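Along the sequence shown, residues carry numbers from 1. Bear in mind that the values here come from a model prediction, so they are computed numbers and not experimental data.
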Amino acid sequence: QLYNFSNEGITEGKDTVKEAFAEVNIPVMRDRPLVYNLELAASGRFTHYDSYGSDFVYRLNAQYSPVEMLRLRASYGTNYRAPNLYEQFVNDQSGFFGGGSDPCDSFGGLSPTDPTFINCLAELTPILDNPNTAANEALAFFNASSILVNTSGGQDNLTAETAKSYGFGAVITLPRHIADFSFAADYFHTTVKDEVSTLGLTILNLCYGDDPANFPNNDYCPFINGRNPLGTVYPGTIISFQNPYLNLAQQVVAGIDFNSRYSTPIFGGRFVAQAQATRMLEQKLEVFEGSGLFDYNGTLGYPGFGSGPKWTGSLDTRFETGPWAFRWGVEYIGRASGEDLTVPTLYPGGGESGTPGLPYTEDLVAEAYFEHGVSVQYELRDRGQITLGVKNLFDERPPQISDSQDPSGQYFRLSNFFGGGPYDYLGRSVFVNLTASF
């Protein structure tokens, strides 16, 4: 509870969960022609919630090695999750978004054909237009006040989440006399139905960015509690909006995981390198039933949702000799862009800001990001260990992006940095860890 900023009612609730789990592993065949190993596995879980009833989920796995160096694997499974206590019972938690989060803030700079321009003009004209002036004063609207948001639980409206996932892949392990090396590649695909979440600012963006033929009777606008009338301190500003926990229609993710490891003795010690990478193939979301799946793969992150780059990865190298261990690692975050989710924006004024009525360029691209780290560790025999390291060795800064005026591309920023990724916002830092055993 923060005085004059945010408050929350008593969040109180209870639930009872009972579960039973069983698993079986079956070694089917081994050391036969073209069957070095064949294993099957199955597991099941029965869950009963007092609040959401019962469900049974299961998982099937199979592993097959025609020869020792090659292993093929596949799996299929289902999942079930009832909303947790906070999602069910949070009691009118209030907070604020900045005035610039209003999609109608300075909407006069948008193209007249943009749905947000059309919808904001239709809503603000009756409030702000002065019939005694030639120009419509609604076109000059900017939001000078913060926006109140109320988050509430969805106990009576939420349903449980369900999911189906499957995957398959292969692992290659070279014989030790050739090299201590392994490589794995696995495809994964998961579909989640009725995911429990809040939409946040997406409620505003999708309300005003929707087809004008549906405005204001779409799925999103009913959550908004109107605008201040003329004669109030901030006429035209959003009074407040509701941000309840609700069920998203479905979310789909698919991709390929890569993992490799190499180890070799060298210089009287041992060198180990491990590389991991993920290539996302799909990151699709359907908010409400019937609105259709949209693939946000490779985007900066649609407001309120993760999305993210198509490629991420890491490389970890380590050299150990005696009590000493030296490590160098690299984290990689691929390029992501919000350009395809925006429409050209027009300069609202002249002078240094540009020529009125002409489009201007926004930087809505987060370029590829590399973050390096190093450390040295000394093992104290039977005592513990001391580690000295540097995070973000080259002081790599997060990518900068523009403050987009297009509501479909309003991205969270920390200063001028994109705030929606796993970047380092602190800069280079030195750390010392001491672990003691006794």
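- S402 and D363 share no donor-acceptor pair across their side chains, judged by distance under 3.5 Å alone.
- The residue from D186, N259, D257 that alone fulfils the side-chain hydrogen bond (donor to acceptor under 3.5 Å, both in side chains) condition with T278 is D257.
- No side-chain donor from either of S94 and N150 sits under 3.5 Å from a side-chain acceptor of the other.
- In this structure, F294 has its ring center closer than 6.0 angstrom to the ring center of Y296.
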Check against side chain to side chain contact (heavy atoms under 4.5 Å, CB included), D55 and T47: CA-CA 6 Å; D55 199 12; T47 303; 5.7 Å; no
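- The ring of F370 has its center closer than 6.0 angstrom to the ring center of Y332.
- Here S260 pairs with nothing under the side-chain hydrogen bond (donor to acceptor under 3.5 Å, both in side chains) rule; sequence neighbours left out.
- Residues F107 and F141 keep their aromatic ring centres 6.0 Å or farther apart.
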Audit row: T11, N91, side-chain hydrogen bond (donor to acceptor under 3.5 Å, both in side chains) steps and yes/no: CA-CA 5 Å; T11 296; N91 187 2; 5.9 Å; no
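- Judged by distance alone, the side chains of N392 and D424 do bring a donor and an acceptor atom under 3.5 Å apart.
- Within a 6.0 Å radius of CZ in F142, other residues, nucleotides and ligands contribute 12 heavy atoms or fewer.
- With hydrogens and angles left out, the side-chain atoms of R327 and T317 include no donor and acceptor closer than 3.5 Å.
- A ring-centre distance under 6.0 Å is found for Y220 and F288.
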Test side-chain hydrogen bond (donor to acceptor under 3.5 Å, both in side chains) applied to Q63 and R71, step by step: CA-CA 7 Å; Q63 297 193 61; R71 177 161 50 100; 2.6 Å; yes
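- No side-chain heavy atom of P399 sits less than 4.5 Å from a side-chain heavy atom of E367.
- Checked against a 6.0 Å centroid threshold, the rings of Y187 and F168 count as neighbours.
- Taken from NZ in K284 to CD in Q250, the straight-line distance is 9.5 Å, to the nearest 0.5 Å.
- Side-chain N/O atoms of Q93 and T151 include no donor and acceptor closer than 3.5 Å.
- Residue pairs meeting the side chain to side chain donor-acceptor pair (under 3.5 Å) criterion with at least one member in residues 227-237, sequence neighbours excluded, are D102-R227, E123-R227, Y208-R227, N228-T237.
- E195 and N247 share no side-chain donor-acceptor pair at under 3.5 Å.
- Cation-pi geometry between K391 and F431 is satisfied (NZ or CZ under 6.0 Å from the ring centre, within 45° of the ring normal).
- In this model, no donor atom of one side chain and acceptor atom of the other lie less than 3.5 Å apart for S307 and Q283.
- Within the structure, side chain to side chain donor-acceptor pair (under 3.5 Å) pairs that include any residue of residues 425-438 do not occur (at least two apart or interchain).
- Inspection of the T125 and N136 side chains reveals an N or O donor paired with an N or O acceptor under 3.5 Å.
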